[in-house]
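Here is the structure we will look at, set down as structure tokens.
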Protein chains: 2
Amino acid sequence: MAQGHSDNLLFLTDEQLRRAIEAMFFAYRGFTADPDRILSGMNYGRAHHRAIHFIHRTPGTTVNNLLSVLGVTKQSLNRVLRTLVEDGLVDSRVGTRDRRERHLHLTDAGEALERELSDAQRARMRAAFREAGPAAVSGFREVLEHMMDPELRRYFAAVKEGER
Amino acid sequence: MAQGHSDNLLFLTDEQLRRAIEAMFFAYRGFTADPDRILSGMNYGRAHHRAIHFIHRTPGTTVNNLLSVLGVTKQSLNRVLRTLVEDGLVDSRVGTRDRRERHLHLTDAGEALERELSDAQRARMRAAFREAGPAAVSGFREVLEHMMDPELRRYFAAVKEGER
DNA sequence: CAAATTACGTCAGCCTTGTTGACATTCCAA
DNA sequence: TTGGAATGTCAACAAGGCTGACGTAATTTG
């Protein structure tokens, strides 16, 4: 069965793969365009968006957790978190079990911004999905998952399991 | 028929769309990981990779053309192009028809680096495609295309036409 | 032909977001 | 109890975006 796939994929030439690479590049630009527009002019950037997104997804997460998901250094993340805390979008609470840790939550204002960003991004995603059709959507998700680094893919799959 | 799609997509909840957003984020990290690794330590970054990629794709392209495809300012692109020309990876030739223009080509060394970067990126893409299967691949490309900004999508589609 | 426009390059300065290095605090285990 | 490991913060730097201003050459237009 895996062999059958390989056979079919002989028709994917290097040129077609290059096209797919460009499609990924252009699509990612579209993917980030709406949040970028919202954030520009309010002193925030993509890094803030990512932090806000993942704090929303896993409330109470620690800085270290966030670090490994975002794939940046703690110093880099810290700068972003500091401004978000200062501006009252994120609440950073000293851990009770381990007081070295900081547990992160979105404030009401943080949730509001998260929703604004997420609404815009989901709207584009939903439109693309609607135009492409349901079969395309599942293929899309399948390929994306296989393009991730194995470690991140495990994390991603783990979240999926947890949701059921 | 479009209505039929909409009906099916009612099952795509906001939560599922958020998952797709994360998948896109993680997958893009994988997508750029290999070229990033190759380029780190040789004074180049993603910006150089993009320039090299598109000069390879459209040899003889002008600075202005490249600008609109990459979506950056000329000052930003110029910094990148200058180092590439200085290092002998890109050749910048004064236009013959319009001598204000500079036509960009990869040198042999530039083509060699392009191949190295492209090989790595295509290998990952090919592996993901093989694991996901042919049906998933066409869905993937379909969705990506619909996620682009309309202008870029027209450009993308135009290249496709030109290739037949 | 003169003037406006276009294409490109460059300088200066700023912002975001990545990096390393140094350091304080807290916890845990020898 | 003390030394090491883990967590998080501060400082400084680099890459690569951005805007604004300007210069130069070539082309187009009135």
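Throughout, protein chains are lettered first and strands after them, A, B, ... in sequence-line order, and every chain is numbered starting at 1.
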Any side-chain N or O of [X] less than 4.0 Å from the OP1 or OP2 oxygen of [N]?
X         : N       : result
Asn64(B)  : dC8(C)  : yes
His48(B)  : dA15(D) : no
Arg102(A) : dT26(C) : no
Arg99(A)  : dC28(C) : no
Arg82(A)  : dC10(D) : yes

Compare all side-chain heavy atoms of [X] with those of [Y] and state whether any distance is below 4.5 angstrom.
X         : Y         : value
Leu144(B) : Met24(B)  : yes
Ile52(A)  : Leu113(A) : yes
Asp149(A) : Phe26(B)  : no

Is there a donor and acceptor pair closer than 3.5 Å between the side chain of [X] and the base of [N]?
X         : N       : value
Arg79(B)  : dG9(C)  : no
Arg46(B)  : dG16(D) : no
Arg100(A) : dT25(C) : no

Tell me whether the centres of the aromatic rings in Phe31(A) and Tyr28(B) are closer together than 6.0 Å.
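Centroid separation for Phe31(A) and Tyr28(B): 6.0 Å or greater.
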Atom pair distance, as rounded to whole Å: [atom1] in [X] and [atom2] in [N]:
X         : N       : atom1 : atom2 : result
Asn78(A)  : dG8(D)  : CG    : C1'   : 7 Å
Leu39(A)  : dC15(C) : CG    : C1'   : 14 Å
Leu77(A)  : dT19(C) : CG    : C1'   : 14 Å
Leu104(A) : dT9(D)  : CG    : P     : 9 Å
Leu66(B)  : dC8(C)  : CG    : P     : 10 Å
Glu86(A)  : dC10(D) : CD    : C1'   : 13 Å
Asp98(A)  : dT25(C) : CG    : P     : 16 Å
Arg37(B)  : dT19(C) : CZ    : P     : 14 Å

Would you call Glu101(B) and Arg93(B) a salt bridge, taking side-chain N to carboxylate O under 4.0 Å as the test?
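Not counted as a salt bridge, because no side-chain N and carboxylate O are separated by less than 4.0 Å.
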Answer yes or no: is there an ion pair linking Arg126(B) with Glu131(B), defined by an N-O contact shorter than 4.0 Å?
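Answer for the salt bridge query: no.
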Given that Arg50(A) and Leu81(B) both sit by DNA chain C, which one's nearest nucleotide is further toward the 5' end?
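Per heavy-atom nearest nucleotide, the more 5' residue is Leu81(B).
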Find which nucleotide of DNA chain C each of Ala47(A) and Thr96(A) is nearest to by heavy atoms, and output the residue with the more 5' nucleotide.
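The answer here is Ala47(A).
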Heavy atoms within less than 4.0 Å of DNA chain C: which residues of residues 68-75 of chain A have one? Give them sorted by number.
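Those residues are Val72(A), Thr73(A), Gln75(A).
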Would you indicate whether Glu151(B), at its atom CD, is surrounded by more than 12 heavy atoms from other residues, nucleotides or ligands within a distance under 6.0 Å?
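No, because the 6.0 Å sphere around CD of Glu151(B) holds 12 heavy atoms or fewer from other groups.
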Terminal axis angle for the helix from dC1(C)-dG30(D) to dA30(C)-dT1(D), five pairs an end, nearest 10 degrees
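The helix from dC1(C)-dG30(D) to dA30(C)-dT1(D) shows an end-to-end axis angle of 10°.
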Students often mix this up, so state it plainly: with edges at 30° and 60°, are the rings of His53(B) and His49(B) parallel, tilted or perpendicular?
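Because their plane-to-plane angle is over 60°, the rings of His53(B) and His49(B) count as perpendicular.
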Answer yes or no for Arg19(B) and Phe156(A): cation-pi contact, defined as NZ/CZ to six-membered ring centre under 6.0 Å and angle to ring axis within 45°.
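Yes, a cation-pi geometry holds between Arg19(B) and Phe156(A).
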Tell me whether Thr107(B) contacts the main-chain N or O of Gly88(B) through its side chain, where contact means a donor paired with an acceptor under 3.5 Å.
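Present.
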